[in-house]
Novice: 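This is the structure, below, for whatever I ask next.
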Amino acid sequence: MGRSRRTIPEELLLLALDPATGTTAQPQSLDLGLAGAQLVELALAGRIAPDGDRIAVVHPRPTGDPTLDTALELLRRRGSPVRAVHWIGGPRLGLRQTYLTHLERCGMVHAVAGQMCGVLPTTRYQATDTAISREIRSRLDSAIRTGVPPDPRTAALAALAHAVGLGKHLYPGNEGRSSRSRLRDLIRHDPMGGLVAHAVMDVQNGVGTQPRRAPATAGTAGGGGSGRRAAVRAPVEPAAVGTVGTSRAVPHRGGVMARAGAS
């Protein structure tokens with residue numbers, strides 16, 4: 001896999017970076033989106049394929065991208081297809097920072113040191129070449145404006161941008177409502193991107209991320225007791241603002257990435 005092409009995780013992160021503040025929009029859901037974007041990129045590289053709502057490794061040969069190859073190896077070690085929602089909902093500690101550091105090494109962003117509350121050292125990341133971000137954005141704009149089915153990469157990027165909530169960042173306010181709606185509609189143009197985007201949204205909504213409890217038997221005093229299953233939906237994780245990363249399914253919190261004190 002050549003490195004001349006930007007990967008979908010890289011493009012998703014560049015879309016999320018605020019050029020004015022150097023922070024990332026939707027940081028909680030973005031971490032999930034990056035994990036999902038890795039799946040789409042591996043599928044486009046022919047390494048994995050959808051199997052219903054599961055992901056199966058079909059070609060374990062490394063891609064040459066260290067971050068993608070780490071994900072591919074973890075999938076291979078599972079031994080059997082894994083549900084997309086379980087993969088995306090798993091711990092992804094440090095994934096966003098990994099990609100930010102990579103983009104910095106590639107010269108696409110530069111780090112700006114600062115402090116939070118005058119105490120905690122932080123690092124913001126700003127685009128070095130805004131033309132790259134403009135080119136990514138123009139592909140989405142063109143797909144939205146023309147209605148012409150986009151290429152699979154752009155369709156998958158649009159699906160993930162919608163899934164993590166970047167629509168309101170890219171097309172804000174009432175004037176952006178129709179664009180946000182059309183961004184959502186682009187999800188249908190790429191099956192893998194659609195599968196992953198729906199899995200990202202399911203994780204955010206607490207759907208399918210935890211197994212069902214064991215069947216509960218109704219033990220009444222006078223009955224023969226036919227068992228009933230207690231289907232339990234995982235609770236929805238409330239959004240938190242201004243806190244630093246944890247090791248839960250949505251690992252990083254807050255819009256500022258701190259090198260000291262952040263995971």
Novice: State plainly whether one hydrophobic cluster holds both Y99 and L74, where clusters connect Ile, Leu, Val, Met, Phe, Trp and Tyr through side-chain heavy atoms under 4.5 angstrom apart.
Specialist: yes

Novice: Please find the pair of heavy atoms, one from I8 and one from A37, that lie closest to each other, and give the distance.
Specialist: CG2-CB, 3.8 Å

Novice: Is there side-chain contact between D202 and I88, with at least one heavy-atom pair below 4.5 Å?
Specialist: no

Novice: Find out whether T23 and R124 are in side-chain contact, i.e. whether some heavy atom of one side chain is under 4.5 Å from a heavy atom of the other.
Specialist: yes

Novice: Could you report the tightest heavy-atom contact between A49 and V58, atom names first, then the distance?
Specialist: CB-CG1, 4.0 Å

Novice: Short question: side chain of R47, backbone of A45 - any donor-acceptor pair under 3.5 Å?
Specialist: yes

Novice: Is the backbone of I136 close enough, under 3.5 Å, to the side chain of R139 for a donor and an acceptor to pair up by distance?
Specialist: no

Novice: Where is the tightest heavy-atom contact between Q126 and G22, given as atom of each residue plus distance?
Specialist: CG-CA, 3.7 Å

Novice: Which heavy-atom pair separates G64 from D69 by the least distance, and what is that distance?
Specialist: N-OD2, 3.0 Å

Novice: How many angstroms lie between SG in C106 and CZ in R6, if you round to the nearest 0.5 Å?
Specialist: 11.0 Å

Novice: Keeping D151 on the side-chain end and T154 on the backbone end, is there a donor-acceptor pair under 3.5 Å?
Specialist: yes

Novice: What are the two closest non-hydrogen atoms of A143 and L186, and how far apart are they?
Specialist: CB-CD1, 3.9 Å

Novice: Does some side-chain heavy atom of L44 sit less than 4.5 Å from a side-chain heavy atom of M192?
Specialist: no

Novice: If we only count heavy atoms from C-beta on, is the H198 to M201 side-chain gap below 4.5 Å?
Specialist: yes

Novice: Please round to the nearest 0.5 Å and tell me the distance separating atom CG of L100 and atom CG of L13.
Specialist: 4.5 Å

Novice: Should L34 and I187 be regarded as members of a common hydrophobic cluster, given that ILVMFWY residues are connected when their side-chain heavy atoms come within less than 4.5 Å of each other, either directly or indirectly?
Specialist: no

Novice: If you compare all heavy atoms of V40 against all heavy atoms of G193, which two are closest, and at what distance to 0.1 Å?
Specialist: CG2-CA, 4.1 Å

Novice: Identify the residue among E104, Q97, R105 that makes a side-chain hydrogen bond (donor to acceptor under 3.5 Å, both in side chains) with T101.
Specialist: Q97

Novice: For S142 and S138, indicate whether the former's side chain and the latter's backbone hold a donor-acceptor pair under 3.5 Å.
Specialist: no

Novice: Which residue is it: I55, V196, L75, V203? I am looking for the one with a side chain to side chain contact (heavy atoms under 4.5 Å, CB included) to W87.
Specialist: L75

Novice: Keeping R182 on the side-chain end and I144 on the backbone end, is there a donor-acceptor pair under 3.5 Å?
Specialist: yes

Novice: Among V57, L72, T7, which one satisfies side chain to side chain contact (heavy atoms under 4.5 Å, CB included) with L42?
Specialist: L72

Novice: Can you check whether E41 reaches T63 side chain to side chain, under 4.5 Å on heavy atoms?
Specialist: no

Novice: Quick one: side chains of residues 156-176, donor-acceptor pairs under 3.5 Å with protein atoms, not counting sequence neighbours, listed by atom name and distance.
Specialist:
| unit_1 | atom_1 | unit_2 | atom_2 | d |
| --- | --- | --- | --- | --- |
| H169 | NE2 | L15 | O | 3.4 |
| Y171 | OH | D141 | OD1 | 2.5 |
| N174 | OD1 | R177 | NH2 | 2.8 |

Novice: Below 4.5 Å, heavy atoms only, C-beta onward: do H102 and T67 meet side chain to side chain?
Specialist: no

Novice: Would you check if D53 and V85 make a side-chain contact, meaning some heavy-atom pair closer than 4.5 Å?
Specialist: no

Novice: Go through the steps for H86 and R78 under the test side chain to side chain contact (heavy atoms under 4.5 Å, CB included), then give the verdict.
Specialist: CA-CA 12 Å; H86 288 166; R78 295 291 184 95; 5.6 Å; no

Novice: Quick one: CG on L195 to CZ on R54, what's the gap to the nearest 0.5 Å?
Specialist: 11.5 Å

Novice: In Å and rounded to the nearest 0.5 Å, what is the NE2 to CD1 distance from H59 to I48?
Specialist: 13.5 Å

